[in-house]
Protein chains: 2
Amino acid sequence: MDEQQLSPSSGPASIQEQHRQHIQPLGDWVRSHKNNGLRKADAGTTVTLMGWVQFRRDHGGLIFIDLRDRFGLTQVVFEPDTAPEAHERAHILRTEYVLAIRGTVRPRPEGMVNPNLETGEIEVVVSDWKLLNTSRTPPFLIEDRVEAADSLRLQHRYLDLRRPSVGRNLVLRSAAAKAVRDYLSDDGFLEVETPVLTKSTPEGARDFLVPSRLNQGQFFALPQSPQLFKQLLMMSGMDRYFQIVKCFRDEDLRADRQPEFTQIDIEMSFTTEEMVMAMAEGLMASVFKKTLGIDIPLPMPRMTYDEAMDKYGLDKPDLRFDLPLTDVTHVVRGSQFKVFAQAALVKGLRVPGGESMTRKEIDDLTEFVKIYGAKGLAWIKVRENEWQSPFAKFLSDEERAGLQAALNMQVGDLVFFQAGDADMVNTALGQLRNRLGEMLGLIDPDAFAFTWVTDFPLFEFDPEEKRWVARHHPFTSVQDAFASTMAADPGTAKARAYDMVLNGYEIGGGSIRNHTRPMQEAMFTALGFSQEQAEEEFGFLLEALDHGAPPHGGIAFGFDRIVMLLCKATSIRDVIAFPKTQKGSCPMTEAPSAVSARQLRDLGLKLRESAKA
Amino acid sequence: MDEQQLSPSSGPASIQEQHRQHIQPLGDWVRSHKNNGLRKADAGTTVTLMGWVQFRRDHGGLIFIDLRDRFGLTQVVFEPDTAPEAHERAHILRTEYVLAIRGTVRPRPEGMVNPNLETGEIEVVVSDWKLLNTSRTPPFLIEDRVEAADSLRLQHRYLDLRRPSVGRNLVLRSAAAKAVRDYLSDDGFLEVETPVLTKSTPEGARDFLVPSRLNQGQFFALPQSPQLFKQLLMMSGMDRYFQIVKCFRDEDLRADRQPEFTQIDIEMSFTTEEMVMAMAEGLMASVFKKTLGIDIPLPMPRMTYDEAMDKYGLDKPDLRFDLPLTDVTHVVRGSQFKVFAQAALVKGLRVPGGESMTRKEIDDLTEFVKIYGAKGLAWIKVRENEWQSPFAKFLSDEERAGLQAALNMQVGDLVFFQAGDADMVNTALGQLRNRLGEMLGLIDPDAFAFTWVTDFPLFEFDPEEKRWVARHHPFTSVQDAFASTMAADPGTAKARAYDMVLNGYEIGGGSIRNHTRPMQEAMFTALGFSQEQAEEEFGFLLEALDHGAPPHGGIAFGFDRIVMLLCKATSIRDVIAFPKTQKGSCPMTEAPSAVSARQLRDLGLKLRESAKA
C-alpha cells in the first residue's frame with residue numbers, strides 16, 4: 001500500500017494520469033485461463049491471465065500481485081531475474097489496475113501454499129505483461145468484509161459488484177433464471193413476450209404512465225403484471241405460457257420494494273389447481289437443486305388460509321420453527337379480565353422455556369406489536385406453583401385450568417396473549433411469532449420451509465374505498481360452492497387461489513381464472529362495477545371470453561424474492577444489478593432527471609407549478 | 001354450418017346464450033394426449049382430448065368434429081349407437097366451441113384415411129364429453145388461408161393467434177430464445193437484467209419518458225438499449241453478459257418498426273473483434289440448427305463497409321443473389337452525356353438477360369429509384385449489333401468500349417446506370433438491385449445468406465444538426481490507425497465496429513468500446529461536446545472508466561428481425577404476440593388511452609391545450 005492508494009477517489013489523479021501513458025491495447029493476447037483455473041498439475045505451462053490487482057505486496061525484491069476476476073484469484077510474481085523489464089515496469093501497479101500477464105505456472109515454495117484459495121498451490125512467474133487500464137483508488141475496498149454506506153455502494157455500483165459476494169448473487173440469479181427456463185421449456189411451456197407499453201387499468205396498484213407522442217393526451221401504462229395478456233394467450237390456444245418479465249408498480253417504497261421487479265409468470269390451459277401446483281412444486285425443486293444442490297421434499301405441505309391464520313396468524317407462515325398460536329377465546333369469554341372478556345378473538349402464543357425472558361425484552365416486544373395495532377401485550381410466566389403475570393389475578397380457577405390445558409403450559413414457559421379484533425390479533429401475534437423465532441434462535445439458517453396456502457377469501461373489504469375488492473385480482477374464479485352466494489355474501493366466498501410460501505415470504509401466488517363471460521361478469525357485479533364500467537375497462541376481455549376461452553389458470557412467482565432467499569441475502573437490492581433507492585432513484589445515473597422543454601412539448605405536456613421546484 | 005355460424009360476431013348471441021347453460025366445469029378430467037398425438041398403434045386406447053371445434057360435419061346420423069389445439073387436429077365421432085346421450089348433446093357444437101371428450105381410438109375406415117394429417121389414420125369415438133365453453137362466431141375463420149384485414153386481426157389477436165401459421169411463429173420464437181440462452185449460458189455468459197426505468201440521454205433516437213411521482217418534474221426514460229449498463233457490467237467484473245431484453249424507441253413508425261422491440265444484448269470483457277465475431281457466428285449457427293435444423297456454414301463471409309458500398313450500394317447487402325454494381329465513373333468522366341460527365345459517382349448494374357424487360361417495367365423501376373432521391377434511371381439494352389438506350393447516342397466509341405469492358409456487357413443484357421452524389425447513387429442502385437432480385441426470381445426462398453460487414457466509418461455527418469455524429473454510438477472505439485486524426489478528419493475515421501447481415505437485413509451490430517477515460521473523452525471531443533456537457537450527460541460513465549474498466553466489446557442482435565427471417569414472415573408484427581399498429585396503438589386493449597385527472601395531478605403534469613382534443 002502506498003499513499004496514493006489512500007487518496008480520495010474524487011481528488012487529483014496525477015499519478016494515475018502518468019500511469020495512463022503505459023496503457024497498451026489488448027492486441028492479439030487471449031486469456032488461457034480464468035483466475036480460478038490453475039492447479040499444481042499445470043506447473044510448467046505457459047499461461048495468459050487477465051484481471052484486476054486485488055493486492056500488491058513487495059517482498060525480497062519481488063513484486064507479488066493477487067490478480068482477481070469474478071472467478072477467483074491467482075498469485076502472480078514479477079521477478080527481476082526472470083524478466084527484468086517486466087519487473088521494472090510493474091512498480092506502477094496499484095489496486096484495481098487492469099492487466100494482462102504472460103508467464104509460467106510453478107508450485108509455490110514449501111510453506112507458502114494457501115489452502116483457502118483454489119489456486120493456492122501455485123503462482124505464475126511473469127515473463128511479459130500489459131497494462132490494460134489504470135484506476136483511481138476505489139472509495140471502498142473490493143472485499144466482502146468491507147461494509148460501505150448503501151448510497152456510496154449504489155453510486156459506484158460497478159465497484160460494489162466487483163465484491164465477490166455481490167457478484168456471486170448475480171451469478172446465482174442467472175443460474176436460477178436458466179433453471180426456470182429449462183424446466184418450463186421441458187414441460188411444454190412457451191416463453192412469450194407481452195407488451196411493456198400497455199393500458200392503464202383501474203384495479204390494482206398505481207401505474208407508471210408513459211405519455212404517447214403519436215397520440216397526444218393519451219398514455220400507456222407499464223404492466224403491473226402481464227395478467228390479461230397471459231390469459232389472452234390461453235384464449236389464443238398457446239396452451240402453456242411462461243415469461244420471466246419485468247413488472248412495475250408506482251408505490252410509495254416501503255420496506256424492501258422496487259419500482260421495477262421481476263416475475264416468473266406462468267399460465268396453463270385445461271388445468272386444475274392440482275396441475276398448477278404440481279408444476280410449480282417441480283419448478284421450485286428443480287431451481288433449488290440446480291442452483292444450490294438442495295433436494296426440496298415433494299409434495300410440499302399444504303394448509304388452508306383459515307388454518308394458516310388460526311395457527312400462525314399470517315397467510316405466509318414461516319414454518320422453519322413451530323411456536324403455534326392457540327385460540328383461547330372460548331376459555332376466557334366473560335372473564336373478569338375485561339380485555340379478554342368481550343374480545344372478538346383472544347389468542348395465546350406459548351414460548352417453551354421463555355420464562356427467563358427479561359422485563360426489558362418483554363417491553364421491547366410490547367413496543368413491537370404496537371406497530372401492528374396492538375394496544376399492549378399480555379403475558380404469563382409459568383413458574384413452579386405460580387404464574388407470574390400482570391393480569392393473571394383476574395382469571396378464575398376455571399379459566400386458569402382452561403388456559404393451562406388449551407396451551408399445554410409447562411413450568412418455565414412464557415405465554416403471550418393478544419385480544420381484540422381478529423385482524424389485529426392475528427397480525428400482531430403472527431409478527432411476534434416471527435420476531436421470537438429470530439430472537440430465540442429457533443431458525444435454521446440453512447432451512448427452506450415451503451408450504452402452500454389455499455382456499456383464500458375471494459374478496460377483502462377495502463376500508464378506504466368502503467367496498468369489497470378482489471383479494472388477488474378480479475380474474476380469479478370463485479369456488480363452486482360459493483358461486484351462487486358470492487354477490488350477496490362476499491365475505492364468506494372462497495377463491496380458487498393458492499400461494500406458495502417460503503420461509504415466511506409469499507414467493508408465488510395464482511389461481512384458476514374466470515374463463516366464461518358470465519363468470520367474469522358475475523365477479524365484476526360482485527365488485528360493484530356497472531355493466532358500462534365493466535365494458536369500458538374490460539370490454540376486450542369479456543369479448544375474448546366470449547370467443548371460446550378454454551379453462552385456464554396459473555401462477556406468478558416473485559423472482560427477486562426467490563433469488564434473495566437462494567442467496568441468503570437480506571434485501572432484494574442485493575440480487576438486482578442496478579437497484580433503485582428507497583426514493584425510487586438511481587444514484588449512479590441520477591435517474592430520474594429533468595428533461596428538455598422540447599421533449600415535454602412533443603408529448604403535449606406541461607409541468608404543474610408544484611413540479612417545477 | 002348453420003346460420004348461426006354466419007351471424008356477425010357483434011350481433012345478438014341468443015343461441016350461444018342458450019348453449020352456455022350446458023357448460024360444465026373441467027372437474028377431474030385430465031388430457032391424456034394433445035390433438036397431434038394419436039396414431040394407429042393407439043387403437044383401442046381410452047383417451048381424453050380437449051380443444052376447439054375446428055369443423056363439424058354431420059353424416060349418416062353421426063357427428064364428426066375436427067378437434068383442434070395448437071399441436072394439431074384429431075377427428076372425433078359422436079355415434080348414437082355408442083353413446084346416445086353424448087351424441088344427442090353434441091348437436092349444439094359449433095365452430096370454436098371448447099370441449100373435452102373421452103373416447104376410444106379406432107382406425108379410420110378404409111378410404112377415410114387422411115395422409116395430410118398426423119392423426120389421419122385414426123378417429124376417436126366419443127363415450128362422454130363436456131362443453132367447456134361456447135363461442136360467438138369468429139369474425140374470420142381460424143385457418144391459414146384466410147386473409148382478414150390487419151386491423152380486424154389485431155383487434156381479435158387472440159383469434160388470429162389460433163391460426164396455425166401465426167401460432168407457429170410464437171413457437172419458433174420461443175425455441176429461438178431458448179437456443180440463444182442455451183448457447184450463451186454454455187459459453188459462460190450470465191444473463192443480467194438491466195433497468196427499464198433509466199435516464200434519458202441526448203444521443204440517439206427519441207426516448208419514451210416515464211414521469212416520476214416521487215420526484216415530480218423529473219422523468220425516467222425507457223432504454224433504447226442497455227448499452228451503458230452492459231458496459232458497466234463489464235466494469236463490474238461480470239466478464240460475459242447477455243440479456244434478451246425489451247428496448248424502446250419513440251420514432252415515427254415507418255416501414256416495419258415497433259415502439260418496443262427485443263434485442264439479444266451481449267458484452268464480453270478482455271475481448272477483440274475476432275472473439276466477438278466467432279461467438280456471434282456460433283450463436284447464430286446454433287439458433288438456426290436448433291430451430292430449423294439448418295447448418296450455417298462457418299466462418300461467415302466478411303467484407304468491409306467500403307467493399308459493400310462499392311459492390312452492392314448498401315451496407316446490408318443481400319447475398320442471396322449476385323447482380324453487383326460496377327463503378328464506371330472513370331469511364332464516362334467528361335462524357336458528352338452531361339448527367340455522367342461531372343457526377344461524383346457513376347455506377348452501372350448489369351442485369352444478364354434483362355433485355356426482354358418491358359418499357360412499363362423500366363418505368364416502374366424508374367419511379368422506384370426516385371424514392372431514394374434519384375432523378376431518373378438511365379439504361380441500355382444490349383442487342384445484336386446495337387444498344388437500345390435513350391442516352392447511348394451521347395457516348396463516344398471509347399466510352400462505349402469502356403462501359404462494355406467494365407460491365408462485361410453481353411447481348412441480351414440490360415444495364416441500369418445512376419449518376420450523382422455517392423450516397424444517392426449507392427442507395428438508389430442498391431435498392432434497385434434488391435428489387436430486381438425479387439422481381440427476377442433470383443432469390444432462393446430457402447437461402448440464408450449471412451455476411452459480416454466490417455470497418456465502418458466511425459462518424460457520419462448529420463445534415464439536420466450540421467455536425468458529425470457517431471454512426472453506431474459514441475461508445476464505439478476508433479481503429480488505432482485513426483486515433484490521432486479522428487478529431488481533425490472525422491470523415492475518414494474507421495470504427496472497430498461490425499454488423500452481421502442476413503438476407504439484406506442488418507440483424508446484429510457491435511463494436512469494441514472505449515474502455516479508458518481518455519479514449520472516451522477524445523470521442524466526446526470529436527463529437528463537439530464541451531467538457532461540461534460530457535460531464536453532465538455521461539459523467540458517471542467517465543468516472544466508471546476511471547476505476548479500472550477492462551477492455552470490452554460486444555454486439556446486439558435484433559431478435560424480432562431474426563425470428564421474422566427464421567419464420568419466413570414478411571413483417572416483425574407476425575412474430576410478436578401483441579404488436580402495435582403503425583400508429584403505435586393496440587386495437588385490442590385500446591392502449592394508449594386517456595388517464596384520470598388525478599393520475600396527472602399525482603405526477604405534477606398538465607395536458608397542453610393541443611393535447612386535450
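Computed from a predicted model, the values in this text were never measured in an experiment. Order of the sequence lines fixes the chain letters, A, B, ..., with proteins taken first and strands second; residue numbering starts at 1 for each chain.
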Which atoms of [X] are under 4.5 Å from chain A, going by heavy atoms: the side chain, the backbone, both sets, or neither?
X: B/L214; answer: both
X: B/S269; answer: backbone
X: B/K606; answer: both
X: B/L222; answer: side chain
X: B/F261; answer: neither
X: B/S212; answer: side chain
X: B/R173; answer: side chain
X: B/E251; answer: backbone
X: B/P579; answer: neither
X: B/D480; answer: side chain
X: B/A177; answer: neither
X: B/L26; answer: side chain
X: B/K583; answer: both
X: B/R206; answer: side chain

B/D250/A/R213 salt bridge by N-O under 4.0 Å criterion: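 Salt bridge: yes.
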Thinking salt bridges, do B/R70 and A/D239 make one under a 4.0 Å N-O criterion?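 Looking at A/D239 together with B/R70, the answer is no, because their closest N to O distance does not fall below 4.0 Å.
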Please determine, among [options], the option with the most heavy-atom pairs under 4.5 Å with chain A.
options: B/R181, B/M588, B/E191; value: B/R181
options: B/C586, B/S585, B/P211; value: B/P211
options: B/T262, B/V166, B/T198, B/T272; value: B/T262
options: B/R68, B/Q155, B/E590, B/H515; value: B/H515
options: B/D602, B/V196, B/T516, B/N215; value: B/V196
options: B/D69, B/V171, B/L99; value: B/V171

Based on non-hydrogen pairs under 4.5 Å, which of [options] is most in contact with chain B?
options: A/N133, A/L170, A/L159, A/L228; answer: A/N133
options: A/S596, A/G584, A/A549; answer: A/A549
options: A/A544, A/S185, A/S593, A/P551; answer: A/S593
options: A/I512, A/I244, A/V210; answer: A/V210
options: A/P25, A/A100, A/A591, A/G27; answer: A/A591
options: A/L607, A/T134, A/T589; answer: A/T589

Sub-3.5 Å donor-acceptor pair from the side chain of [X] to the main-chain atoms of [Y], do we have one?
X: A/K34; Y: A/M50; answer: no
X: B/W52; Y: A/G548; answer: yes
X: A/E260; Y: A/F248; answer: no
X: B/K199; Y: B/A221; answer: no
X: A/K580; Y: B/L197; answer: yes
X: A/R136; Y: B/D546; answer: no
X: B/R157; Y: B/A577; answer: yes
X: A/S236; Y: A/M238; answer: no

Considering all heavy atoms of both residues, which atom of B/G604 and which atom of A/A611 are nearest to each other, and what is their separation? O-CB, 3.6 Å
For residues B/L600 and A/R608, report the shortest heavy-atom separation together with the two atoms involved.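 Between these two residues, the closest heavy atoms are O-NE, 4.4 Å.
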Please tell me whether [X] and [Y] have a donor and an acceptor in their side chains that are separated by less than 3.5 angstrom.
X: B/H547; Y: A/E96; answer: no
X: A/Q243; Y: A/T194; answer: yes
X: A/D207; Y: A/S200; answer: yes

Taken to the nearest 0.5 Å, the spacing of B/M235 CE from A/Y158 OH works out to 9.0 Å
Part of [X] lying under 4.5 Å from any heavy atom of chain B:
X: A/D252; value: both
X: A/F242; value: neither
X: A/I23; value: side chain
X: A/P195; value: both
X: A/V192; value: side chain
X: A/R31; value: side chain

A/D182 vs B/D182 side-chain heavy atoms within contact, under 4.5 Å: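 Yes, at least one pair of side-chain atoms sits under 4.5 Å.
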Parallel, tilted or perpendicular, judged at 30° and 60°: which one describes the rings of A/F578 and B/F229? tilted
